[in-house]
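Written below as structure tokens is the structure these notes are about.
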Amino acid sequence: MKDTIIALLEEALSALQQQGELPQDIAPTIKVDPTKDKAHGDFATNLALMLAKPAGKKPRDLAEALVAALPASPAISKTEIAGPGFINFFAATDALAQVVSTILDTGDTYGRCLDGKGEKVQVEFVSANPTGPLHVGHGRGAAIGDSLCRLLEATGYDVTREFYYNDAGAQISNLARSVQSRAKGLTPDDPSWPEDGYRGDYIRDVAESYLAGDTVHADDRHVTGAADPDDLDAIRDFAVAYLRREQDLDLKAFGVAFDVYFLESSLYEEAKVESTVKTLIEGGHTYEQDGALWLRTTDFGDDKDRVMRKQDGGYTYFLPDVAYHLDKWQRGFTQVINEQGADHHSTVTRVRAGLQALETGIPNGWPDYVLHQMVLVTRSGVEVKLSKRAGSYVTLRDLIDEVGRDATRYFLAARRADSQLTFDIDLARSQSNDNPVYYIQYAHARVCSVLRKAAADDRDFQHDLALDNLALLDSDQEKALMNRLARYPEVVRIAAGNREPQQIAQYLQDLAADFHTCYNAVKVMVDDDAQRNARLALGIATRQVIRNGLDLLGVGAPEEM
RNA sequence: GCGCUCAUAGCUCAAUUGGAUAGAGCAACGGCCUUCUAAGCCGUAGGUUGCAGGUUCGAGUCCUGCUGGGCGCGCCA
């Protein structure tokens, strides 16, 4: 519909150029938008406003000229000039209803496109170190990251989901010492408990499992506990595997699966850190000072230079980060999106600067970042800070267990990443109209219910009869609903392009609202066969789009509530 | 102090990416079930979009400066 209008405007434009009414050298990108207000028709363009200046004409005069030059089209019932020079288009009812037929034909693929042309994109998200259960912040990253992947897949990209973790650094040593202490019978309250040791109950679970000689299977490793409290290396390997498995289970319960688990240790084992250092030194971007090796990241937009190699000879985390991203580039990912907590935003400039210093042709501004802000969890209006299992934070598992996967995913993905999020447990649990998840799912279930009713009455949906009578969908509510359905593919495209999965959540709420309004205003199961089937078709189309949209968020679409 | 980010109805959030009279839900009030699921719908009320400038036909949206919240500013990750 929109493309049709753009094509008509293009014709009008070139006609006016031929007549000399408009300069030849203007080639505007024509923008046609759905209107907010029905009084303004179904679509509107600001073309006359944009061209007024270059054409040296008044916007309204130009609009009139454009409308006069507009070819007739069966899809448009009326055009109007309004306000300062908008051109409003009123869609012919049967043209609008075409969307119902399109959705029925395309089903699960409605809203998908091939814009990405099969290009490879890597999305790195969650990337939690295996030192404890995933917390709410990881959950937000998982919800946003995975939805982003689904959006990119829906727009034609070849997506790789990647999880990066440090299995060898100082934090892991700390974990190993904590588990060892537990294995030796200490508790976090003992004076000899490691300083900065992990104190959560899960440390005890790991120690017990280790002592019992359990075998754990994580996504990328299998380890059996050596049961020897003095073997710190064995404890470390076991603890990492144990917590990796725990995170796997959390992610699985959340409906998120990764293609690649990338270990920081592999960068050392494969000498990628060494070769990165070498390249940076050879490029002349480093210097020695105070016994450390520095990278002059200020040459590439950082606000201060960064240490690469410490006085003790070890590398800072910054260097493996650069080596890791070089590896991503070398694996052929010209598009990489890193989804992280905004508390790590300082790495963005640093990593990009390090990559520029390599001078290997990586574009400035690569990779992309999506940063999410903090999550605050409340219950009964009071902040929840602790969980028994983790001690100092609320775990993702707690939320999934308490409010369910669908609501948790929806709530964590439904807000802009860059605004802080308050996760209201009471709201997420409530089965009422103030809970948007249920509101949307209920719309889906209602359509299913109508179809069950139709089957029970021996009035099953008749596809061909419905499609012949779509013009009967002519009430305001039905037209509003069809307009909404028609917008879906564009919403998917914009949400994917802007990396904003919350736009899907917002769209679904609007769609559900339009549906509920329609449902209350227009009875589907009427006696007239043509009328009834046309309305059933609209219901089925709505159900399909809700299902497609919820799938992009990783949220289920139940047939009954 | 510097950097990043956010600020919209009493509350939680939208606003088609610069468009027309800033919209939903909750909370408040008033209606709608002998009718396909009332987990729903309809209506009333609620606003100087934090403040001050600027850009232009047009700004919640872009720019500058303030104010306030969050995060960051390690040879931690």
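Numbers restart at 1 for each chain; the letters A, B, ... are given by sequence-line order, proteins then strands.
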Exercise for review: Determine the interatomic distance between P on rG19(B) and the same-named atom on rC36(B); round to the nearest Å.
Suggested key: 43 Å
Review point. Taking syn as any angle within 90 degrees of 0 and anti as the rest, which one fits rU17(B)?
Key: syn
Check your understanding: Looking only at atom C1', what distance separates rA9(B) and rG23(B), rounded to whole Å?
Key -> 11 Å
Review point. Just wondering, do F86(A) and rA20(B) stack (centres under 5.5 Å, planes under 30°)?
Key: yes
Review point. Distance check: side-chain N/O of K453(A) vs OP1/OP2 of rU35(B), anything under 4.0 Å?
Key: no
Exercise for review: Would you indicate, yes or no, if rG25(B) has its OP1 or OP2 atom less than 4.0 angstrom from a side-chain nitrogen or oxygen of Y438(A)?
Suggested key: no
**Study point:** Residue-phosphate contact under 4.0 Å: T316(A) side-chain N/O, rG74(B) OP1/OP2
**Key:** no
Point to revise | rU56(B) phosphate, OP1 or OP2, under 4.0 Å from K53(A) side-chain N/O | key: no
Review point. Taking the six-membered ring for Trp, does H40(A) stack with rA20(B) (centroid gap under 5.5 Å, planes within less than 30°)?
Key: yes
Point to revise | Salt bridge present between K272(A) and E274(A) (N-O < 4.0 angstrom) | key: no
Check your understanding: Which nucleotide sits closest to the side chain of K310(A): rC75(B), rU35(B), rU37(B)?
Key -> rC75(B)
**Study point:** Nucleotide opposite rC29(B) in a Watson-Crick or G-U pair, distances under 3.5 Å
**Key:** rG43(B)
Exercise for review: Specify the glycosidic conformation (syn or anti) of rC33(B), with syn defined as within 90° of 0.
Suggested key: syn
Check your understanding: Got a sec? Which of residues 300-309 of chain A come in under 4.0 Å of RNA chain B, heavy atoms?
Key -> K304(A), V307(A)
Point to revise | Residues H325(A) and R352(A): side-chain donor-acceptor under 3.5 angstrom | key: no
Exercise for review: May I ask which nucleotide in the shown strands pairs with rU8(B), Watson-Crick or G-U wobble, both distances under 3.5 Å?
Suggested key: none
Point to revise | Donor + acceptor pair across side chains of R547(A), Q544(A) (<3.5 Å) | key: no
Revision key, fill the gap. Partner of rA22(B) under the Watson-Crick or G-U wobble criteria, both distances under 3.5 Å, comes out as none
Exercise for review: Using only side-chain N and O atoms of R446(A), determine if any of them is under 4.0 Å from OP1 or OP2 of rA38(B).
Suggested key: yes
Review point. Hey, is the side chain of D514(A) pairing donor to acceptor with the base of rA24(B) inside 3.5 Å?
Key: no
Check your understanding: On a whole-Å scale, what distance lies between the P atoms belonging to rC11(B) and rG54(B)?
Key -> 30 Å
Check your understanding: Distance between the P atoms of rA22(B) and rG50(B), in whole angstroms?
Key -> 15 Å
Exercise for review: For nucleotides rU61(B) and rC6(B), find the distance between their C1' atoms and express it as a whole number of Å.
Suggested key: 14 Å
Point to revise | Under-3.5 Å donor-acceptor pair between Y317(A) side chain and rA77(B) base | key: yes
Practice item. In whole angstrom, give me the gap between the P atoms of rC75(B) and rA7(B). Key: 33 Å
**Study point:** Counterpart residues, side chain to side chain donor-acceptor pair (under 3.5 Å), relative to Q503(A) (two or more places apart)
**Key:** E500(A)
